[in-house]
Number of protein chains: 2
Amino acid sequence: MANIRDLAKEAGVSVATVSRVLNGYPYVSEEKRKAVWEAVEKLNYTKNIQAVHLAKGKTRIVGVMLPYIHHPYFSAVIEGISKEALGCGYQLLLFQTNYEVKRELEALERLRMKQMDGLIVCSHEADWEVFAAYREDGPIVLCERAVGHDFFTVYIDHYQAFAQALRYLLDKGHRRIGYCIGRTTGPNSQARAAAYRDVLGSVGVIPQPQWIFDGCLFLEDGKRVIERWMDMKERPSALLVTSDQVAAGIVLHAQRVGVHIPEELAVIGFDNDPLAEMLGMTTVALPHLALGEKAFRLLHQWLETGNVPRTQEELPARLIVRMTG
Amino acid sequence: MANIRDLAKEAGVSVATVSRVLNGYPYVSEEKRKAVWEAVEKLNYTKNIQAVHLAKGKTRIVGVMLPYIHHPYFSAVIEGISKEALGCGYQLLLFQTNYEVKRELEALERLRMKQMDGLIVCSHEADWEVFAAYREDGPIVLCERAVGHDFFTVYIDHYQAFAQALRYLLDKGHRRIGYCIGRTTGPNSQARAAAYRDVLGSVGVIPQPQWIFDGCLFLEDGKRVIERWMDMKERPSALLVTSDQVAAGIVLHAQRVGVHIPEELAVIGFDNDPLAEMLGMTTVALPHLALGEKAFRLLHQWLETGNVPRTQEELPARLIVRMTG
DNA sequence: TTGTATGCGTTATCAC
DNA sequence: GTGATAACGCATACAA
């Protein structure tokens, strides 16, 4: 492949002039400009972006760390990020971690290696300290609340979201309230656990450990929940389900096996997935797309201006009452 | 940041030796090796990956071109790609195109610029010729059938999938058969249109143009389909729906408005989404994950061995009969 | 086993 | 306006 030295030779100018023309700088005579572009045509030249990255020390690439892609929550967040990035001329490098700390470290190392200009962490497993250790290696924006750490974060207020739904259920008279969650670790899950403790504690309800259903990520997990629920002696009368997919699985399987929703079991989902509207599910609407968009915008501002005030933006959730709870 | 020259100075060796140690080459004395690693520690050194890329002329990055991410079809394909890539130590650079030719060209240009070692095209809008023009610029694997072009492709045989479902409906006595599709352009859509023409033509059925519902991508589009269906004078008695999401929307909304499935309207979805199982939907199972995995494996083999025989792998689809059709 | 020198393809800084 | 030339940071062929 031809490089700018070849171009310079062909056009009878210096490499500096070639570079100026290629990057649209002023102060180049029209005739040389023309000669350069002709050489570009003739030699079928294309810029080598790796060399540009090395010379400039920047890539206009941002990394996106997330556990998995094929999941409505994360694919919505990444869509939001992607949409914004597209508009700003940035590219996205994907780091799928499966919540393995080892993989998270790999992504952070890539930031150190200057493979990307910044990193958006959608969700993670490793301790905050791990991320803090890479602070000097590039801008990092987190999509989870980081209490007691001065990271840049944009996050959905899951405590408030959970508390809101719990109070609604308490008001309706429910006392045996359980919940379904994707995993028990991680800031989002812990915020929800805290809300669960706090709100239920405030009315003197002591929740049973078996009312917490772990590992609920996909539609089919809802089936499992109903099955377990039916086997229980002391069944919860209501369930908070942190994913509308799982909630839909619960509602649909309940229908199949003759469990009446909401009479026997009230169900409140999260996300406000189109599925929730379609099934008439009560749900807490979460702004995933906006989360991704705002996360990118924050990182972008940071990258372009070099320094922005520390930001911790909280995105609100909104209970949408329909028929299942 | 420290570079290998600083390391060399610190360790009292040459940059070549530093490079050897860093990359684990043999024939370095234990004492120098130790000195280098100590220097690495002391100077808090990390390799600059951009420089590595430039020097090696490779990046171990593959691009993934796709219209949108937040869609069950594409997020499944990309999950398959990602899974394989992770295992091989490759990274994924995302190119979301929204089916805009301009964006597709941008991705191809990036391949020319050597930003990535190869490109996987999940779906595209531009003409084959556009892609053919970039053949020399790097390995490209397509996830759509390319008749009459010698691209490397791995694809789902949508003609066969469609034909299979159509014949099943014909056998059940249906004659007024329509279908719902995401878009009418693109190889996959055209393959389905061809199957529709051929199979229906083979039994002398002349399909009505209004039996084709375009722009069906998401759950909520199913609602629209039912509404339009109800407004029709001559309604189709069966619908092929190229996405289980849309099919679920149809089934659920039909239930709401009192349309009986499959008596009044038979519905066959595609994908075998968990939702299809849950709703008891007849569907054609499509191997999305496998598609992504195989596409990456093919590209990977191409990248590692330099030259592989031209491949056009066809992935089969399988009709799963349940209750809606 | 080790070091020197050169290449990778740009961008950026000067001097003219 | 233009052209040398030095970065950018690493890999590697060739010598020794």
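A, B, ... follow the sequence lines: proteins, then strands. Residue 1 opens every chain. All of these numbers come straight from a predicted model, not from anything done at the bench. These values consider heavy atoms only, across backbone and side chains, with no hydrogens, waters or symmetry-generated copies.
Atom-to-atom, CD of Q50(A) to P of dG9(D) comes out at 16 Å; the value is rounded to the nearest Å. Remark: C1' of dC10(D) and CE of M113(A) are 13 Å apart, rounded to the nearest angstrom. In this structure, NZ of K56(B) is placed 15 Å from C1' of dA13(D), rounded to the nearest angstrom. If you take CZ of R5(B) and C1' of dG9(D), they are 6 Å apart, rounded to a whole angstrom. Atom C1' of nucleotide dT12(D) and atom CG of L22(B) are separated by 14 Å, given to the nearest angstrom. To the nearest angstrom, C1' of dG3(D) lies 7 Å from CZ of R20(A). One can place NZ of K9(A) at 20 Å from P of dT2(D), the figure rounded to the nearest angstrom. Regarding L7(B), its CG atom lies at a distance of 11 Å from the P atom of dA11(D), rounded to whole Å.
Cation-pi check for R135(B) over F151(B) is met; the charged atom lies under 6.0 angstrom from the ring centroid and within 45 degrees of its normal. Figure legend: cation-pi geometry between R110(B) and F95(B) absent, as NZ or CZ is not positioned both under 6.0 Å from the six-membered ring centre and within 45° of its axis.
Residue C143(B) comes nearest to C122(B) through the heavy atom pair CB-O, 3.7 Å, listed as atom of the first residue, atom of the second, then distance.
Side chains of Y155(A) and E314(A): a donor-acceptor N/O pair is present below 3.5 angstrom, by distance only.
Regarding contacts with the backbone of dG9(D), every side-chain N or O of Y45(B) stays at 4.0 angstrom or more from both OP1 and OP2. In this model, the phosphate group of dT2(D) is not approached by any side-chain N or O of T17(A) to a distance below 4.0 Å at OP1 or OP2. Within the 4.0 Å cut-off from OP1 or OP2 of dA11(D), at least one side-chain nitrogen or oxygen of K47(B) is found. A sub-4.0 Å separation between OP1 or OP2 of dG3(D) and a side-chain N or O of K32(A) is present.
Under the side-chain hydrogen bond (donor to acceptor under 3.5 Å, both in side chains) rule, H124(A) has a single partner from R103(A), E104(A), E144(A), which is E144(A).
Checked against the 6.0 Å centroid criterion, the rings of F218(A) and H71(A) qualify as a close aromatic pair.
Of all nucleotides in DNA chain C, those with any atom nearer than 4.0 Å to a heavy atom of chain A start and finish, going 5' to 3', at dG9(C) to dA12(C).
K56(A) has no carboxylate O lying under 4.0 Å from a charged side-chain N of D117(A), or vice versa, which leaves the two without a salt bridge.
The nearest heavy atom of DNA chain C to V15(A) and to A16(B) marks one nucleotide each, and the one closer to the 5' end goes with A16(B).
Within 4.0 Å (heavy atoms only), S29(A) reaches sugar-phosphate atoms of the nucleic acid but no base atom. Among the atoms of the strands shown, none is found under 4.0 Å from any heavy atom of V18(B).
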